[in-house]
Each structure stands twice: as structure tokens, then as C-alpha cells.
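Heavy-atom basis, side chains included; hydrogens, waters and symmetry copies ignored. Residues: numbered from 1 along the sequence shown. Only a predicted model underlies this, so the values are computations on that prediction, with no experimental measurement involved.
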Amino acid sequence: MNLKSMNYGYDFILGSIAAIYVFMVPYTKVEESFNVQAMHDILYHRHHLENYDHLEFPGVVPRTFIGSLLVSILASPIMLMMNLLHMPKIYGLIAVRLALGCIVLSTLRFFRIQVRNKFGHQVEAFFVILTVLQFHLLFYCTRPLPNILSLAVVNLAYGHWLKGNFYATLNCLIFATVIFRCDMVLLLGPLGLELLLTKSISLWKAFKCCIGTAILCIGLTILVDSIMWRKLVWPEFEVLWFNSVLNRSSEWGTHSFHWYFTSALPRSLLAAYPLFLLGVLLDRRVLSFVIPVFSFVLLYSKLPHKELRFIISSVPIFNLSAAVAASRIYMNRKKSFWKLINIILLGFLLISLGCTAITFMASYENYPSGNALKYLHRIGNYANSTDEQWVHIDPFSAMNGISRFCENDFPWRYSKEEGIPLKELCKRNFTYLINEHSVVDGYTCLFTIDGFSRIRLQTHFPPVIMVKEPKVYIHGNMENKHLMHKNWPGCP
């Protein structure tokens, strides 16, 4: 197999797995809601800003539209074809997620090629193997999170870093910091400091380069986002103020200082976790790449609110170090001492595959309200009906799988109005309710959708099972005669 076909083979493998995750789990959660709704509005409402979702539901802090615009532009030819064929909007969600995945994986490809050029073809092969056997990187690479938009740019920074284009590395990180994720400054600082200490860059030239790039990026985000938000705004500055100065991110939960090292990284890296530590010992070149990224995770650990997605930008470098270790083990596999290490490596890889399969099954069952609305559309429509069917979606359901892409055209209408007391819902004359409550006055429970609850181990086959429980309840208005005469699955 020649080099070119091998490269495209790696791209095909990574892209296929990411695409499978998209088609199997198309729905999104609350963390992705801003960019998902923004992509929907850009593609369907275009210049009619008054119809945009963010003006009605602005969220805690503003976010930039730049990433959503880029992804929407890339997906727009597919959306045009879909509109001509009158396809349901849910396929639009798949289209924008695939477009985002193409962006992220193309930048990961750039990084991977630099890995091959610097460390060899075998290290590149193990880098791909480890990435495939991990769940989170390929699952998240199509999810429209600010962290993933930032990851696409950080991959470019890593590629330029390996290539020796150090000022380009800093420019990429500044772009990611100013526009997508202000916390990337925690990576920019240690990396820039290392480059200064190793005399890879000069302080004055770096200062001029970084200031110029920062001014251009600030100008770009203020220009675009002030138009979209209808006020003067630099989104990531407000995020920085909210999270760091006001320290309000802890309102969404806190974890201990060591959580990234004892929970998040082991779950995301799997076999690569012990291997990346070994890679630092086996190849001196790896240490200079691992130290700034390790420092990034260490600095991030000081913030009380922690989520795996916050440090997902560290995964490619840790995978590089792990791939170096795996390659060295494989090359020495015929030597007496290394035979045992090679067997242990194979065992770790198999364990990674099993953990990834289990995590995927759990994720598949983790978007209950998206499945609830899909099922309601399928069985709840009336033939030849001209009456509007109003569906009220409570906050829990809106956060667990439902977005504007899940909505259908007339006669379906949707409400996400917040703060309505349960006792008041019967006075609002909604046709259906999708919510987390099993009993609502004036409504009857039509069916439920189960969601992932926990994993249970057992001594017989299969050793691991997914425990599910009712998560979302679909209720029908008792005063609607057409609705009450239909046969519904019922509720337990």
C-alpha cells in the first residue's frame, strides 16, 4: 500500500466512525444548544434575525456566531438539496454535524501528518489505532460545542508546533482563545513560555505577532457578533468575566482538584493513559510536547467546575506520546522482556475497545427527549387535520435531545416557554406535553421514553448491561377528542 492511499485509509477509518456516531446518535444536549440553534437559524431564517432563537433564549453568557457561520456555509449546498427534496429538518442536523466533523478531522489530519514526518509511519499508525479505540474524541468531534470549534484550531496549532512553525502555533492558539474558548489561554501560556525558554521564538517578535493577531481576532468577533446579538459584544470576554472574575461556573457543579487526572483523562484516553506516561520516558522528544499540555490540564484543575470537554484539546498530544510508547513496544516485541509488555499492550487495547462499546451504548440511550419527539411525530399526527397541534417542551426535555432541527412543519407548533407551573399547563390548551413529570393535571400520560440510568455488572453473559428507566413522559390533553380516541402505548 503506497503512502497516499494509506493516508486516505486513515481518514476513511476516522471519518467513518465519526459518521456512525452521528447517524446513530443524531440529537444534541444543552451544552450544544447555542451553536445548534444558531446553525438552524442561519440555514433556515438567514438574514431575518428577529426570528433567531438566541434573542428569545440568550443563555447565561453570549457565544460567538463565527463557528456556526463557517459550519453552516460548508453545509449549505447539502441543505439546498434537502430543501428541494422536502426532507425533514432532522437531516439538516446530521448535515451540519457531519460538516463540523469534516473540519475537525481535516485539522487532525494536518496534525497526524506532522506526527508521521517527525516520529515515523509506525507512530502515526498507532496514533490512529488509539484514537479509534477511544470513544470521546470521535464522538465529540461532530458535536457543535465551543470546545470542539476550539479543538479544530488547536489541532492546527499542534501541527505547526511539530512542524517548527512556532509563530503560526501562537497565532492559532490566540485565534482559538479570543474567538472560541477563552480558557485556551491556559494552553497558550505554558506553550509560549516553553518556546521562549528554549529560544525557539524571540520575545519581541512574538509580542508583535501575538498583539497583531489578537487585535484582528477581537475586531472580527466584535464585528460579527455585535450584528448577530444586536448589541456591542465580545462574547469570550464576557465568558471569561463570568467564569473567572465572578467565578460563577461553580453553580453548575464542582469536582475535586484531581478529577481530570483520576476520572476524565482515564475515561477519554483509556489505554493511552498509561502509555502516554511511558512515552515520555522512552523518547526524549515527546517531553517538550507533553509538558505544556500537561500544565494546561493542571492549571484547569484549579477551576472548581470541571467537565471532560473542557480538556479535550489535550487528547491529541497525549495520544501522540502514547503512540510513541506503543510503537517502541511493538518494535521490540520479539525481545524477551518486551514480549510481556507487548501482551499487556494488546490487553489494554482490547479493554479500550470494550470500554468504548459500553460508553457508546450508554450514549445511545442518553437523548430520551429527542426520541420522544420523533415518536410523537410518527404516531400523533391526524390524517387530513387542519388543527394546529401544540407541543410544550419543558426545560429538561429541551436539554436532553430536542432542538429546532427536530421540529416538523404545520400542523405542528412548539413552545419552550419556561416557568409555567404544572397546575397552569391545563389552562394553556397545549395538545401535547413532553416533560419529566409522570402526572400533570388535565393531561393523560400517552407513553414514556426510557433513558440510560446506570451500568450493571453481572457474573453471567452479557457481563455488562445498560439499566434504563423512564426519563421523559408524553402527555395528551384530555379535552382533545381526536387525541383521546387514538391507541397509545400507555405509561407504566
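The aromatic ring centroids of Phe166 and Trp161 lie 6.0 Å or more from each other. Aromatic ring centres of His255 and His305: separated by at least 6.0 Å. A centroid separation of less than 6.0 Å is found between the aromatic rings of Tyr300 and Phe296. Ring centroid separation for the pair Tyr44 and Tyr52 does not come in under the 6.0 Å cut-off. Outside the 6.0 Å centre-distance limit, the rings of Phe405 and Tyr91 are not counted as a close aromatic pair.
With sequence neighbours excluded, the residues forming a side chain to side chain contact (heavy atoms under 4.5 Å, CB included) with Glu31 are Lys29, Leu145, Glu307, Arg309, listed by chain and number. Every residue two or more places apart in sequence or in another chain that forms a salt bridge (Lys or Arg N to Asp or Glu O under 4.0 Å) with Glu407 is listed here: Arg404. When the ring-ring contact (aromatic ring centres under 6.0 Å, His included) test is applied to Phe34, the partners found at least two apart in sequence or on another chain are Phe65, Trp229. By the side chain to side chain contact (heavy atoms under 4.5 Å, CB included) test, Val30 pairs with Ser33, Met399, sequence neighbours left out. Annotation: side chain to side chain contact (heavy atoms under 4.5 Å, CB included) contacts of Ile113 (sequence neighbours excluded): Arg109, Arg116, Asn117. Residues satisfying the salt bridge (Lys or Arg N to Asp or Glu O under 4.0 Å) test with Asp183, not counting sequence neighbours, are Arg181. Judged as a ring-ring contact (aromatic ring centres under 6.0 Å, His included), and not counting sequence neighbours, the contacts of Phe110 are His160. For the ring-ring contact (aromatic ring centres under 6.0 Å, His included) test, residues two or more places apart in sequence or in another chain that qualify with Phe237 are Trp234. Considering only residues two or more places apart in sequence or on other chains, Ser200 meets the side chain to side chain donor-acceptor pair (under 3.5 Å) condition with Thr198. In terms of the side chain to side chain contact (heavy atoms under 4.5 Å, CB included) criterion, residue partners of Ile344 (sequence neighbours excluded) are, by chain and number, Leu340, Phe348. With sequence neighbours left out, the ring-ring contact (aromatic ring centres under 6.0 Å, His included) criterion links Phe180 to Phe175.
At distances below 3.5 Å, at least one donor-acceptor pair connects side-chain atoms of Tyr158 with backbone N or O atoms of Ser313.
Between the side chains of Ser397 and Asp394, at least one donor-acceptor pair of N or O atoms lies under 3.5 Å. In summary, the side chains of Asn35 and Ser68 do present a donor paired with an acceptor at a separation below 3.5 Å, with no hydrogens or angles considered. When only modelled atom types and interatomic distance are considered, Glu436 and Asn400 share no side-chain donor-acceptor pair under 3.5 Å.
The ring-ring contact (aromatic ring centres under 6.0 Å, His included) contacts involving residues 349-374 comprise Tyr21-Phe360, where partners must be two or more places apart or lie in separate chains.
Closest of all the heavy-atom pairs between Val293 and Ser314 is CG1-CB, 3.4 Å. The two atoms that bring Ile311 and Ala264 nearest to each other are CD1-CB, 4.2 Å, heavy atoms only.
A cation-pi arrangement is absent between Arg378 and Tyr375 under the rule of less than 6.0 angstrom and at most 45 degrees off the ring axis.
Between Asp53 and Lys416 there is a salt bridge, with a side-chain nitrogen of the basic residue lying less than 4.0 Å from a carboxylate oxygen of the acidic one. The pair Asp225-Arg63 does not meet the salt-bridge criterion, since no charged nitrogen lies less than 4.0 angstrom from a carboxylate oxygen.
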Intermediate values then yes/no, salt bridge (charged side-chain N to carboxylate O under 4.0 Å, His left out), Asp409 and Lys89
CA-CA 9 Å; Asp409 295 329; Lys89 285 201 290 186; 5.3 Å; no
